[in-house]
Amino acid sequence: MSLTLTVDGPRWRSHLEAVAAAHPGLVPVAKGNGYGFTLGRLARRAQWLRDRGHDVTALAVGTYDELPEVASRWDGDLLVLTPWRPWVELPEPGLRRRVVHTVSRYADLCELLTRDPEARLVLEHVTSMQRHGMTGRELWDAGGLVRGHPGAHVEGVALHLPLQHGSHLGEVNRLLVDVVAADLPARAGTTIWVSHLTDAELAALRDTYPDFSFRPRIGTQLWLGDRDALRVTATVLDVHEVERGDAFGYRSRTVPKSGHLLVVSGGTAHGIGLEAPTGEMSVKARAATLARGGLDAIGFVRSPYSIDGKQRLFAEPPHMQASMLFLPHGSRVPEVGETVDVRVRYTATAFDRVVIEG
Ligand SMILES: *Cc1c(COP(=O)(O)O)cnc(C)c1O
């Protein structure tokens, strides 16, 4: 009776292994809702990759709060992607030596090394994303500070690159000039933790900078890269035959024409949301739909549910754990208990169940 993510196990695992094999130094990213799978499951999967001999030594989480979810299911290093700030408590001693902090401001570097002179960290260099990171000048200052702290474990420099269509190579080349100029201790200055580079870009960089090692942080392409291994379904919980003019729903709206109301599992608590109205959005197009008496014209919006391959309309906005769909007369009416397909954003969906088949 749930919103379920069903995974073709053999297919998913072979995709994970293919990505790991193609990306030595891979840093799997497990953050947020665990890309739909949950953080714990991704941590165990990362451990599985490591146990299978892949070059996976660090797992990345998004925030410090996520560490407990993964720390007991994965035994390697734990990179925290959100930069450390002075108000963040240091991890408990049992975890401290496994955690690699991201440090994105010179002042934070000073503070962190004061509190834990042996902290493990990566220095984040700001990119065209302009999210977090030190400027070239700050990185240079950081280099000086780190040289004076031989106990600190600087594990490299992090670059968070935008998702973009054009090449990142020009930007990465410019950023690496700053890294070299910062004169960091050997390993720190030549290990670059990167995101969103294509395989071709990574290969080109490894070619151009043979003394550097590039560690790709990958989430989406790893966990969600083979969509055909994944299927999302909801269950039909109830079916009501309705005539034009019948009232229904929280708002007592009336049914515009005869058909069926379907109650399906999945609602706002799962992240099921309203989609854009069907068809074109222009006023003119909308007026034309109105004239034709289309269902969306009377306020029904497209839902992410599809039945027999056809995307269906919400009868009203999704409820907390269920949604109501309208099925016009003439369509095949599914039985209570049948499953229907749902198109979701995996990174924004909380599934009731994740079923790995095989
Ligand atoms: C989320 C994130 C990634 C992984 O992004 P995907 O697009 O899911 O591969 C890499 N680096 C940082 C800093 C991130 O926040």
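On a predicted model such as this, the values are computed, not experimentally measured, just so you know. For ligands, and for the atoms within them, numbers begin at 1 and follow the listed sequence. Computed over heavy atoms, backbone and side chain alike; hydrogens, waters and symmetry mates excluded.
Among protein heavy atoms, atom 10 (C) of ligand 1 sits closest to Ser195 CB, 3.5 Å. Distance from atom 12 (C) of ligand 1 to its nearest protein heavy atom, with residue and atom name: His160 CE1, 3.2 Å.
Within the 6.0 Å centre-distance limit, the rings of His196 and His160 are counted as a close aromatic pair. For Tyr346 and Tyr35, the ring centers sit 6.0 Å or farther from each other. Between Phe314 and His319, the distance separating the two ring centers is not shorter than 6.0 angstrom. In this structure, Tyr106 has its ring center no closer than 6.0 Å to that of Trp140.
Residue contact check for ligand 1: Trp223 places no non-hydrogen atom closer than 4.0 Å to it.
By the 3.5 Å distance cut-off applied to N or O atoms, Leu163 is not counted among the residues near ligand 1. Residue contacts with ligand 1: Lys31 is placed with a nitrogen or oxygen under 3.5 Å of a nitrogen or oxygen of the ligand (distance criterion only).
Residue Leu81 touches ligand 1 through its side chain alone, judged by heavy-atom distances below 4.0 Å.
Closest heavy-atom approach to atom 6 (P) of ligand 1 within the set His196, Arg131, Arg217: this belongs to His196.
Checked by atom type, the side-chain pair Ser306/Gln311 shows no donor-acceptor distance below 3.5 Å.
For the pair His270 (side chain) and Gly267 (backbone), a donor-acceptor distance under 3.5 Å is present.
Those atoms of ligand 1 that come under 4.0 Å of a heavy atom in Gly219, given as number and element, are 4 (C), 6 (P), 8 (O), 9 (O).
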